[in-house]
There are 2 protein chains.
Amino acid sequence: MEKQTVTIYDVAREAAVSMATVSRVVNGNPNVKPATRKKVLAVIERLDYRPNAVARGLASKRSTTVGVIIPDVTNIYFASLARGIDDIAMMYKYNIILTNSDDAGEQEVNVLNTLMAKQVDGVIFMGNHIDDKLRAEFKRAKAPVVLAGTVDPQGETPSVNIDYAAAVEEAVTALIKRGHEKIAIALGPLSQSINAEYRLAGYKRALNKAKLPYDDKLVYEAGYSYDAGTKLQPVIADSGATAVFVGDDEMAAGIINASVESGISIPDDLEVITSNDTIVTQIARPAITSITQPLYDIGAVAMRMLTKLMNDKELDEKTVTLPYGIVRRGSTKSAE
Amino acid sequence: MEKQTVTIYDVAREAAVSMATVSRVVNGNPNVKPATRKKVLAVIERLDYRPNAVARGLASKRSTTVGVIIPDVTNIYFASLARGIDDIAMMYKYNIILTNSDDAGEQEVNVLNTLMAKQVDGVIFMGNHIDDKLRAEFKRAKAPVVLAGTVDPQGETPSVNIDYAAAVEEAVTALIKRGHEKIAIALGPLSQSINAEYRLAGYKRALNKAKLPYDDKLVYEAGYSYDAGTKLQPVIADSGATAVFVGDDEMAAGIINASVESGISIPDDLEVITSNDTIVTQIARPAITSITQPLYDIGAVAMRMLTKLMNDKELDEKTVTLPYGIVRRGSTKSAE
DNA sequence: TATTTTCATGAAAGCGATTTCAATATCTAT
DNA sequence: ATAGATATTGAAATCGCTTTCATGAAAATA
């Protein structure tokens, strides 16, 4: 009992008009006599006609679908951006093809290619690093690409971010002002530019300005996860650091919980500042002081930029930098 | 400088074969002489030909795309299922069109329809409630639908879940065994069957078996969020309950944090058990005792079922119930 | 009223694949 | 070598819609 699909042709026949006319009313083309429009609409209603988006995509060469590449949907940070992306996409009648890339270069390239094969009108890319291969694919792609919460040091691809380096610098400077001299920094892989070229750079700048020595033994590389944090904690504890800046909220929560469990008091023995201001910072105890980012907006703005690009409009600015802030919570002492 | 796309026709011409043959080699059809295949492959390589998935979809009537409806990507519980879905989908070469529904009936229907218009081969639906309207749409849809982490009391739509009622009953029974007589239960909207017909039912059964009175003043309705939890906490505190079962991890975290802040000790003054075993249960302090669910697998199994359905195969069982467990963490006392 | 313009509409050509069916090759077994 | 079977190919129809172009009708202008 295959369900019968009603096509534009059926509607045309029933309404005694041509397919072209049906197409016009479906697409809101004004060149249709009101009476005709009404007649067609009635038939559409009666037959319960739904235009086939695939056929439409083939004929018009626009799929009203955009691809979204995300490291992992279960990552709250990126998921928050994704929510902003989807809302704006929906507002502009686009659908989202979402694919997890696990932050793996090869997978990212694959995924990008299958997205292009699906004729997406554009792509929003989220990830922690962009290598030459990927950058080349972006250029090669015939649909525009916008980065959300993702830096491209070359600045070639349009992107939306906050000023990570400045934010980290400010956070670390606050720590320094409170008297800390041994400040650790726990990041994701230093092979990723977001860590090496932005966060770490901001950290170094803060030390520099305060004339504090930079010691790479205080720089830790781990994964973006709670478990990575718990595993890293003993190492940090051994370093003698009295404060730590962390690049990921879940990691920070792991460090905090493991610290408390081993008798280290937060913030008295160790102050902790994290990066993303996700809900995790509120759930953890003590709650975690964090750089704040307009998560939803990063996604939303990226999607807005993409819609412009998809309609061949010029971008006001290719690299958008949204404001950040810092909220103090229980994992740091109050400033004197 | 529009990027030129190379079509199957170009390949056919260059390789001096017909489009049909090119199509065959692209699709791995064995009826092609090895020599021809090689020749065509070479041209494909040289021209960097990528089949247009939209055209393919139109011709073959299969889009190798499945729709996924999720209440909110930033909800860790559903995002975890989504991850399982996407992994299996990718394994079977399907892509995912992901859309947020905000758990709103009307929006869900809309989204389902636009997905069908996009000719998805199937859809996986996640949500907290299925009303008649939605159920009717599922039936009407010409692509199969599978529910993941979502109950349909009518059992009409294939689904993957755990036995929520039994799990809650077990959790509450454990509480009762530890001597609690006033046990509160905090759920999402009771208009949703997952809450009213499953969780609450399990709760009642546990009370019944223990011959404890059921008092609807101990039943709380709130949202699935951290803030909802913090707001609900004072109300629960006033009730005099000494334990509470919570239907959502973030809500549980909110209740716990607000309790501790107002001087209530967890688990000494109030024991808390939650439902979803997301990472939140580990981040919170005390860590939260929880029903455990195979989150990833619920999604993965649902997607596996969907692939069968999409290939017109029979399902071994329409309603799959995966095993649950209970992990004790700091928010409850140890059993004596 | 005759002549332009402007509107509405339909015919038909794609869009880039898949797929059926018939035709041609190639292989077997006499 | 030859009929029959089998393996390879290509021609052409389709999928369901958009869009261009031509045409007749209606409205505006002279």
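Below, chains carry the letters A, B, ... as their sequence lines are ordered, and counting in each starts from 1.
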Practice problem: For residues Val151(B) and Ser193(B), report the shortest heavy-atom separation together with the two atoms involved. | Solution: CG2-OG, 4.1 Å

Quiz item: Just by protein heavy atoms under 4.0 Å, how would nucleotides 12-19 of chain C read 5' to 3' in B, S and -?
Solution: --BBBBBB

Practice problem: Starting from C1' on dC7(C), measure out to CG on Asn29(A) and report it in whole angstrom. | Solution: 12 Å

Self-check item: the helix from dT1(C)-dA30(D) to dT30(C)-dA1(D): angle between end helix axes, five pairs per end, rounded to 10 degrees
Solution: 30°

Quiz item: What does Ala16(B) touch in the nucleic acid at a heavy-atom separation under 4.0 angstrom: a base, only the sugar-phosphate, or nothing?
Solution: sugar-phosphate

Exercise. Considering just the side-chain nitrogens and oxygens of Thr36(B), establish if one lies under 4.0 Å of OP1 or OP2 belonging to dT9(D).
Key: yes

Quiz item: If you count the non-hydrogen atoms of other residues, nucleotides and ligands that lie under 6.0 Å from CD in Glu45(A), is the total more than 12?
Solution: no

Self-check item: Value in whole Å for how far the P atom of dA26(D) lies from CG of Asn31(A)
Solution: 17 Å

Quiz prompt | Validation row: Leu306(A), Pro144(A) side chains within 4.5 angstrom (heavy atoms) | solution = yes

Exercise. Name the closest nucleotide to the Lys33(B) side chain, picking from dT9(C), dT8(D), dG10(D).
Key: dT8(D)

Exercise. Would you mind checking if Asp102(A) and Arg83(B) are paired as a salt bridge, meaning a charged N to carboxylate O distance below 4.0 Å?
Key: yes

Quiz item: Under the ring-ring contact (aromatic ring centres under 6.0 Å, His included) criterion, do Phe125(B) and Phe138(B) qualify, and how do the steps go?
Solution: CA-CA 10 Å; Phe125(B) 182 90; Phe138(B) 287 165; 5.4 Å; yes

Practice problem: State whether Ser18(B) places a side-chain N or O below 4.0 Å from either non-bridging phosphate oxygen (OP1 or OP2) of dT9(D). | Solution: no

Quiz prompt | Shortest non-hydrogen contact between Ala143(B) and Asp121(B), atoms and distance | solution = CB-O, 3.6 Å

Practice problem: Grab the NZ-P distance between Lys38(A) and dA8(C) for me, whole Å please. | Solution: 17 Å

Self-check item: Salt-bridge criterion met for Arg135(B) and Asp132(B) (N-O under 4.0 Å)
Solution: yes

Quiz prompt | Main-chain N/O of Gln119(A) paired with Ser63(A) side-chain donor or acceptor, under 3.5 Å | solution = yes

